[in-house]
Amino acid sequence: MAAQGTCLNHVSRESSDIKRLAQFYIEIFGFEKVEAPRFEFDVIWLKLAPSNFYLHLIERDPSTKLPEGPWSATSAVADPKNLPRGHHVCFSVSNFDSFVQTLKEKGIEVDERTQPDGKTKQVFFFDPDGNGLEVSSGAPAS
């Protein structure tokens with residue numbers, strides 16, 4: 001039997017600079033810092049109110065030798081035009097046009113699209129660590 005009552009709890013992002021990454025998500029999306037447990041490594045937990053969506057930012061462990069993110073991949077993926085078919089997290093906003101304008105004013109490179117239905121606008125971009133992000137207009141797809 002499949003899991004019942006499933007909902008998304010949080011997304012984690014590993015970073016060598018969790019303070020910088022937290023500031024980005026606070027400024028761009030309006031996340032708020034919330035209390036986090038004390039681990040043997042630094043973490044910052046963010047919450048997107050009024051939803052119960054959390055973002056956990058975790059201090060990178062250099063001993064794992066995992067790639068730090070898309071920027072450290074062997075081939076460049078820094079072009080947001082590659083994101084629609086790549087790994088990304090999507091948020092929906094009700095003020096899509098002004099949100100995109102804010103990204104541009106901050107010098108963030110974006111790729112704007114409209115879904116084939118002609119109704120849903122999308123913008124793709126990267127956070128400071130190179131994690132792919134999408135923001136769409138309106139309600140999330142069901």
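Just so you know, these numbers come straight off a predicted model, no measurement behind them.
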Would you please test S136 and T120 for side-chain hydrogen bond (donor to acceptor under 3.5 Å, both in side chains) and show each step?
CA-CA 7 Å; S136 65; T120 305; over 6 Å; no
Residues two or more places apart in sequence or in another chain: which of them pass side chain to side chain contact (heavy atoms under 4.5 Å, CB included) with K33?
I26, I44, L46
How would you list, by chain and number, every residue that makes a side-chain hydrogen bond (donor to acceptor under 3.5 Å, both in side chains) with Q122, sequence neighbours excluded?
E134
Check salt bridge (Lys or Arg N to Asp or Glu O under 4.0 Å) between D97 and all other residues, then give those that pass, not counting sequence neighbours.
K121
Quick one: closest heavy-atom pair of F24 and F126, and the distance?
CZ-O, 4.1 Å
Which residues satisfy the side chain to side chain contact (heavy atoms under 4.5 Å, CB included) test with E112, sequence neighbours excluded?
V100, K104, V110, V123
Partner residues of S51 under the side chain to side chain contact (heavy atoms under 4.5 Å, CB included) criterion, sequence neighbours left out:
L48, F53
Residues forming a side chain to side chain contact (heavy atoms under 4.5 Å, CB included) with P37, sequence neighbours excluded
F39, W45
Please list all pairs meeting salt bridge (Lys or Arg N to Asp or Glu O under 4.0 Å) that have one or both residues in residues 40-51, counting only residues at least two apart or in different chains.
none
Identify, with sequence neighbours excluded, every residue that meets side-chain hydrogen bond (donor to acceptor under 3.5 Å, both in side chains) alongside Y54.
none
Contacts of K106 that satisfy salt bridge (Lys or Arg N to Asp or Glu O under 4.0 Å) - sequence neighbours left out:
E27
Residues which pass side-chain hydrogen bond (donor to acceptor under 3.5 Å, both in side chains) with S12, listed by chain and number, not counting sequence neighbours
H10
